[in-house]
Amino acid sequence: DITRVSARVEGHVNAVLVDDNQLVKPGDVLVKLDPADLQTKVDQNAADVAAAEAQAQQSKAKLDLVQKTSRAGVTQARAAQASAEALVTAAQTNVKVAEADLAQAHAQVDATQAEATRTAADLKRFNQLMKTGDVTPQQVDAARAAATTAAAQVTVAEKRVAAAQAQIVSAQAQVTQGQAKVGEAVAGVTAASVVDERVAAAEAAYRNDAQKVASLQAELAQAKLNVGYAVILAPVGVRITGKNVEIGNYKEINTDGFLN
């Protein structure tokens, strides 16, 4: 059987440690390639890994800061919006209640004014009848009291109308204030959403940096292996029957170096 021994890395041959017809054992050193370029690659990869790790640490710190500030901002903005919307709803309810009270107050004014008109007419009629003796003074007094009471009730009803109108104005003002606060809160939520976009961007940046670190670490590990591959070992115990390498040769990957 022929066992072909070839290089797993490229490089110039620094040493050939076997001759034709020489017996070798598994693990014996056959050839050494110049490891300088391979070690340079290791050093460069190590520097790249260190730089990438530093960048990833910066990205992680930025992500942590953005996440911390954005979560608090979003929570506060949404709470402010909910509070403002609740204020508007309550104020709108107060407006409806005040409008219903106003309608009742107007109805009460109409009723008391009708009663006041009737009792005033009765009083006038009783005063005329008393001159002819058709009614007693007591009846006139009763009519006067009824007219006075009816007039007072009109005043009470009119005050209720005024109070209901004032309540409507106040409630409408609360609606306006609440709507303004809702607008401010919506703007706050929008601003917080922009911060959310910053979080997404920071997450993407950190993810990319972390992936770069992993990729460069893999390259570094392979580069370190390649330095070891500069020393070519006998895979099995064999006799060298066809040496095809000399010091100074440039060996490429997987080109035959020995045949036996």
Side-chain angles (χ1 to χ4, degrees), residues 1-71 74 193-260:
D1 292 338
I2 297 176
T3 299
R4 300 177 185 274
V5 179
S6 57
R8 300 176 68 174
V9 294
E10 298 179 355
H12 288 90
V13 177
N14 271 0
V16 179
L17 304 179
V18 293
D19 290 315
D20 285 340
N21 296 317
Q22 179 179 336
L23 289 172
V24 296
K25 302 186 298 298
D28 283 353
V29 177
L30 305 179
V31 176
K32 292 182 178 180
L33 302 180
D34 185 353
D37 290 343
L38 298 174
Q39 185 59 49
T40 298
K41 181 63 174 175
V42 169
D43 296 340
Q44 181 60 55
N45 285 350
D48 291 343
V49 167
E53 287 176 340
Q55 178 60 43
Q57 289 176 353
Q58 291 180 359
S59 297
K60 184 61 168 62
K62 181 177 179 180
L63 173 59
D64 291 342
L65 177 61
V66 172
Q67 284 179 330
K68 181 178 180 180
T69 55
S70 67
R71 285 170 183 163
V74 169
S193 298
V194 173
V195 176
D196 278 345
E197 293 176 2
R198 290 175 54 198
V199 171
E203 288 175 342
Y206 173 64
R207 184 166 54 251
N208 290 338
D209 289 342
Q211 290 173 347
K212 184 176 181 180
V213 168
S215 176
L216 290 175
Q217 287 175 334
E219 290 182 15
L220 175 59
Q222 184 60 53
K224 289 179 178 179
L225 286 176
N226 290 344
V227 171
Y229 293 153
V231 177
I232 301 173
L233 306 178
V236 294
V238 294
R239 181 183 296 277
I240 303 300
T241 59
K243 185 177 70 167
N244 186 27
V245 61
E246 299 294 341
I247 294 175
N249 289 164
Y250 185 83
K251 303 303 295 181
E252 296 181 351
I253 296 175
N254 293 328
T255 55
D256 290 340
F258 299 93
L259 301 174
N260 70 290

| request: Check whether any side-chain heavy atom of Ile240 sits under 4.5 Å from a side-chain heavy atom of Asp19, and report yes or no. | output: no

| said: Can a donor-acceptor pair be found, under 3.5 Å and without considering hydrogens, that links the side chain of Asn208 to the backbone of Ala204? | reply: yes

| said: Taking the side chain as everything from C-beta on, heavy atoms only, tell me whether Lys62 gets closer than 4.5 Å to Gln58. | reply: no

| query | How about Val13 and Val16: do any of their side-chain heavy atoms sit closer than 4.5 Å? | reply | yes

| field | N/O donor-acceptor pair under 3.5 Å between Arg239 side chain and Gln22 backbone | value | no

| request: Decide yes or no for Ile247 and Asn14: does some side-chain heavy atom of the first lie under 4.5 Å from some side-chain heavy atom of the second? | output: no

What side-chain donor-acceptor pairs closer than 3.5 Å can you find for residues 224-234, not counting sequence neighbours?
unit_1: Asn226; atom_1: OD1; unit_2: Gln222; atom_2: NE2; d: 3.0
unit_1: Asn226; atom_1: ND2; unit_2: Gln222; atom_2: O; d: 3.4
unit_1: Tyr229; atom_1: OH; unit_2: Arg8; atom_2: NH2; d: 3.2

| query | Should Asp28 and Lys25 count as an ion pair when the cut-off is N to O under 4.0 Å? | reply | yes

| Value rounded to 0.5 Å, distance of NE2 in His12 from CG in Asp37 | 8.5 Å

| field | Side-chain touch Val31/Leu17, heavy atoms, less than 4.5 angstrom | value | no

| query | How far does NZ of Lys212 sit from OG of Ser59, to the nearest 0.5 angstrom? | reply | 10.5 Å

When the side chains of residues 40-51 are checked against the rest of the protein, which donor-acceptor pairs come out under 3.5 Å, sequence neighbours left out?
unit_1: Thr40; atom_1: OG1; unit_2: Ala36; atom_2: O; d: 2.9
unit_1: Asp43; atom_1: OD1; unit_2: Gln39; atom_2: NE2; d: 3.0
unit_1: Gln44; atom_1: NE2; unit_2: Asp48; atom_2: OD1; d: 2.9
unit_1: Asn45; atom_1: ND2; unit_2: Glu219; atom_2: O; d: 3.3

